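None of the values given here were measured: they were computed from a predicted structure.
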Amino acid sequence: MSYYENLGKVSVTVDGNTFEAVAASFRGAHFFVKNNAQGGGGRKVQVNKLAASDEWVCTDLGSNIPTLSMEFYLVGEDCDNAKNELIKACGQEGEGRLVHPWLGSFDARCTSLDFTFGMDALGFIRGRISFQQEGLLPEKTVVIDNRGATKSKASAMKDETRDSMAGSFNASGYGMNTFNAVVDFSNSILDAYFDIRQVLHVAEEFVSEVGRIKANMSVLVAAPGDFAARVVDLVGATGDMFGIEVSSRDDLNEFIDLMALDVDLSKDYTGCAKALLTAVRNVAASMVVVSLVDCEFDSVDEAVECQNRVSDAFDKMFEGVEDVETYMKLSDLQATAMQYLRDVIANTAVILEKDVLSCTNVLQLCYDVYGNVDRVDEIIARNFMQQGMFILPGKVKVRSK
């Protein structure tokens, strides 16, 4: 007889000893209970010792969280099916209804499930199951700030690039001709950087800073630490640093171009030019990610296009990376950026085509679609409307959100 047919009590024999167990269930999955252990009584107290004294301070953090653990049994011909049902019930996300023979019925979450069974006792399974009673407050989902995490990794990449360049850029100990060649290489790389960063040319302070670095290049080349710091700060410069407004999309495009910056390294006998070029590219990669986070996308198509450009830029950059550690850091940076973009795409509006069956005006259309007239200018711009406020029958592009 199935024990489901008699769930009040059951006699269980273990190692020759017979005892009675009573029925319980979780999310409708039944099992029998004999021994219970309740924990989480008392208060959570944090004790802080005061420095240089014999005193301490106790802070009451509230009551401990109650827990329930019990020894359970499954018996009968269908105990294997009961085991599978219990595993399924305990593996589901969120709280479920726990019916306990003594404690009553309440919402709980299964925190652990262990059991043993074998050939020595067919039709019998024993184990231990633990529950956490559900709190009175609503469930809160932890939201990961992908925006902050992405920018944090980009910032760390810049710091690591500065330290790496300071350690590998060394022009000392060479003859004057070689030293001058290093200066010339550095100037050429700086010129190439300046040519790409067109959006900052309107900032007089930016132009002056580039000029100061070029004018003092001979001195800076002899001081790798200072030079590396100046290069990282300059390459990572944005319009905010110079008090001008620059579109994040323009920044993104120029930093992508910087990631592909290329110069002739055939005469780089000291390795300094390579170290400087690598630093510029790595900082540019970190700034691509920063600019990406600051970009706003009107549609999924725009976000996908940006995703493809950024991914391609990193893939091309990987082709010239020889250092394994640098490769792994760039790869991690790319993965973080792609994850951020995937989240953006999942929450970005889709451009839809709405059928306009009769002549109307853009105010009425906007209200019909969005419930307000806040996006009139957006509809006019997206559809290149030239005839003023009136819309003729046809298709009009609108956002889904």
| message | Taking K153 first and then E160, would you say they form a salt bridge - that is, a charged N and a carboxylate O separated by under 4.0 Å? | response |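 Salt bridge flag = no for E160 with K153.
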
| Is a salt bridge present between K329 and E325, judged by a nitrogen-to-oxygen distance below 4.0 Å? |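 Counted as a salt bridge, because a side-chain N and a carboxylate O are separated by less than 4.0 Å.
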
What side-chain donor-acceptor pairs closer than 3.5 Å can you find for residues 232-244, not counting sequence neighbours?
none

Who are the side chain to side chain donor-acceptor pair (under 3.5 Å) partners of [X], not counting sequence neighbours?
X: D159; answer: R162
X: S130; answer: S69, S112
X: E71; answer: N35, Y73, R126

| With F106 via ring-ring contact (aromatic ring centres under 6.0 Å, His included) - residues at least two apart |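 For F106, no residue satisfies ring-ring contact (aromatic ring centres under 6.0 Å, His included) once neighbours in sequence are set aside.
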
| query | Among pairs that include at least one residue of residues 218-230, which meet salt bridge (Lys or Arg N to Asp or Glu O under 4.0 Å), considering only residues two or more places apart or in two chains? | reply | E209-R230, D226-R230

| task | Compare every heavy atom of V221 with every heavy atom of F169, then report the nearest pair and how far apart it is. | result | CE2-O, 3.7 Å

| message | Under the criterion ring pair (Phe, Tyr, Trp, His ring centres under 6.0 Å), I'd like the reasoning laid out for F194 against F206: C-alpha separation, chi angles, the key distance, then a yes or no. | response | CA-CA 10 Å; F194 183 77; F206 169 75; 5.7 Å; yes

| task | Using side-chain contact (heavy atoms from CB on, under 4.5 Å) as the criterion, point out the one residue from V263, D268, N282 that pairs with L277. | result | V263

| field | F318 and Y327 aromatic centres sub-6.0 Å | value |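 Aromatic pair counts; centres sit under 6.0 Å.
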
| Worked check of side-chain contact (heavy atoms from CB on, under 4.5 Å) between L252 and V310 | CA-CA 9 Å; L252 177 66; V310 172; 4.3 Å; yes

| message | Testing the 3.5 Å rule here: is there a donor-acceptor pair between the side chains of D343 and Q339? | response | yes

